[in-house]
Every structure is written in structure tokens, then in C-alpha cells.
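Report on the following structure.
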Amino acid sequence: MTRLRKRVATRLKDSQNTFALLTTFNEVDMTNLMKLRSQYKDAFFEKHGVKLGLMSGFIKHQPVVNAVIDGDDIIYRDYVDISIAVGLVVPVIRGVDQMNFTDIEKTINSLAKKANEGTISIDEMAGGSFTVSNGFLFLPYIALTYDHRLIDGREAVYFLRRIKDVVEDPQRLLLDI
């Protein structure tokens with residue numbers, strides 16, 4: 001087993017032993033997001049030099065679950081730093097709430113390149129409030145696994161509903177509704 005795989009396994013087991021993890025699911029129709037991507041992917045690439053992926057549609061919003069536990073305290077952050085799964089590493093996109101799709105896609109591209117080259121730093125993988133994985137991109141469901149010490153089911157459902165609304169009607173992002 002590689003050192004990286006051993007470290008990932010250790011972290012996952014530590015997480016399982018520490019957190020009160022629950023998972024909530026919501027079905028999502030990706031038709032409109034897929035149409036948007038299909039319609040604009042070539043023009044987006046020409047203008048910005050990166051592919052228009054699907055991940056930005058899932059992470060460009062104000063999450064209600066943007067908090068962390070620090071000892072016995074819950075810290076509600078006024079900024080949004082989201083971790084994204086890139087292979088076995090999980091780098092952080094900082095300031096997602098201030099980014100547009102182009103910024104998000106460029107950052108994902110840069111972090112993925114660093115991850116593949118093995119040049120990503122520990123600092124680039126620390127501090128995310130939660131992680132988005134692209135494992136769901138080919139399924140009609142989205143899921144949120146969360147620490148119930150921090151997030152109640154109501155907040156989890158609201159969070160997934162917001163993602164569903166944005167993915168099913170991407171124009172909502174332009175109007176900030």
C-alpha cells in the first residue's frame with residue numbers, strides 16, 4: 001500500500017470514529033446544466049482556456065453548511081472554502097463565494113494539474129469546510145454526508161435543495177436567487 005493510500009485510510013478511519021456522520025440524498029435533473037455546458041463549452045474554452053466542467057454548477061452558491069467544529073465551539077465562517085476530490089487528494093478552492101464559473105474552473109484545473117504532478121502543497125489541502133466529489137456527476141442523485149454534531153437534517157435538506165435548484169435552473173446563479 002502506498003504512503004498516500006495508507007494516510008487516506010487512516011484519515012477515513014479516524015473520521016469514522018470521531019464524527020456522527022449521516023447522509024441525505026436528493027434527486028436532481030441535470031438536463032439544463034448539461035444543455036448549458038453543451039451549448040457554451042467551446043466558446044468558454046476559446047475565451048478562458050479551460051473546459052467548462054460540471055463541478056462549478058454544484059459549488060457556486062452560498063452553502064448553509066459552511067461551519068466547522070473547533071474543540072467544543074462551532075465556527076460559522078463568513079467565507080466559503082470548499083474542498084474538491086481530485087483522485088486521492090482533496091485540495092481547497094478558497095473564496096468560492098467570490099468566484100464566477102471561470103474562476104472556479106480555472107482553479108479546479110490548476111489544482112488538478114498540481115495533484116497529478118505531485119506538486120500540491122499541504123496548505124492547498126487544508127481548511128475546507130466541506131468536500132465536493134465528482135462521483136455523483138453521472139447519477140441522478142446528489143448526497144451530503146455531514147457531521148450531525150454540526151448540521152441538523154433540516155440544514156442538510158435545505159443545502160441539497162439549493163444545489164438542486166441551481167443545477168436544474170442554472171439561470172438562478174445569474175440572478176442570485
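What you see is a predicted model, and the numbers here were worked out from it, not measured in a lab.
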Just how far is it from atom [atom1] of [X] to atom [atom2] of [Y], taken to the nearest 0.5 Å?
X	Y	atom1	atom2	answer
Ile142	Ile163	CD1	CD1	5.0 Å
Ile108	Met99	CD1	CE	9.0 Å
Gln16	Arg11	CD	CZ	14.5 Å
Met34	Gln39	CE	CD	13.5 Å
Glu27	Glu168	CD	CD	8.5 Å
His148	Thr24	NE2	OG1	8.5 Å

Could you tell me whether the side chain of [X] and the main chain of [Y] form a donor-acceptor pair under 3.5 Å?
X	Y	value
Asp152	Glu155	no
Glu105	Leu52	no
Asp73	Ile75	no
Asp97	Val80	yes
Thr10	Lys6	yes
Asp29	Thr31	yes
Asn26	Ala143	no
Asp169	Asp165	no
Ser110	Lys106	no

Joint hydrophobic cluster, [X] plus [Y], side-chain heavy atoms closer than 4.5 Å:
X	Y	value
Val157	Val166	no
Met125	Leu12	yes
Tyr79	Val132	no
Val167	Phe25	no
Val68	Phe19	no

Tell me whether [X] is salt-bridged to [Y], with the criterion being a basic N under 4.0 Å from an acidic carboxylate O.
X	Y	value
Arg77	Asp81	no
Asp147	Arg149	yes
Glu124	Lys114	yes

Can you see which heavy atom on [X] is nearest to which on [Y], and at what distance?
X	Y	result
Asn32	Pro170	CB-CD, 3.8 Å
Ala85	Val90	N-CG1, 4.4 Å
Leu21	Ser15	CD1-OG, 4.0 Å
Val92	Ser83	CG2-OG, 3.5 Å
Ala126	Arg94	O-NH2, 2.6 Å
Ala156	Ile151	N-CG2, 3.9 Å

Taking the side chain as every heavy atom from C-beta outward, state whether [X] and [Y] have any pair of such atoms under 4.5 Å apart.
X	Y	result
Leu144	Thr23	no
Ile120	Leu111	yes
Val96	Ile104	yes
Tyr76	Ile74	yes

For this session: Evaluate the criterion side-chain contact (heavy atoms from CB on, under 4.5 Å) for residue pair Lys113 and Asn116; output intermediate values, then yes/no.
Result: CA-CA 5 Å; Lys113 187 175 182 180; Asn116 289 335; 5.9 Å; no
For this session: Apply side-chain contact (heavy atoms from CB on, under 4.5 Å) to Leu36 and Tyr40, showing your working.
Result: CA-CA 6 Å; Leu36 179 75; Tyr40 293 105; 3.7 Å; yes
Exercise. Among side-chain atoms of Ser121 and Asp123, is any donor-acceptor pair under 3.5 angstrom?
Worked result: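 Short answer, no.
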For this session: Determine the interplanar angle of the Phe44 and His48 rings, folded into 0 to 90°, and report it as parallel if under 30°, tilted if 30 to 60°, perpendicular if over 60°.
Result: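 Because their plane-to-plane angle lies in the 30° to 60° range, the rings of Phe44 and His48 count as tilted.
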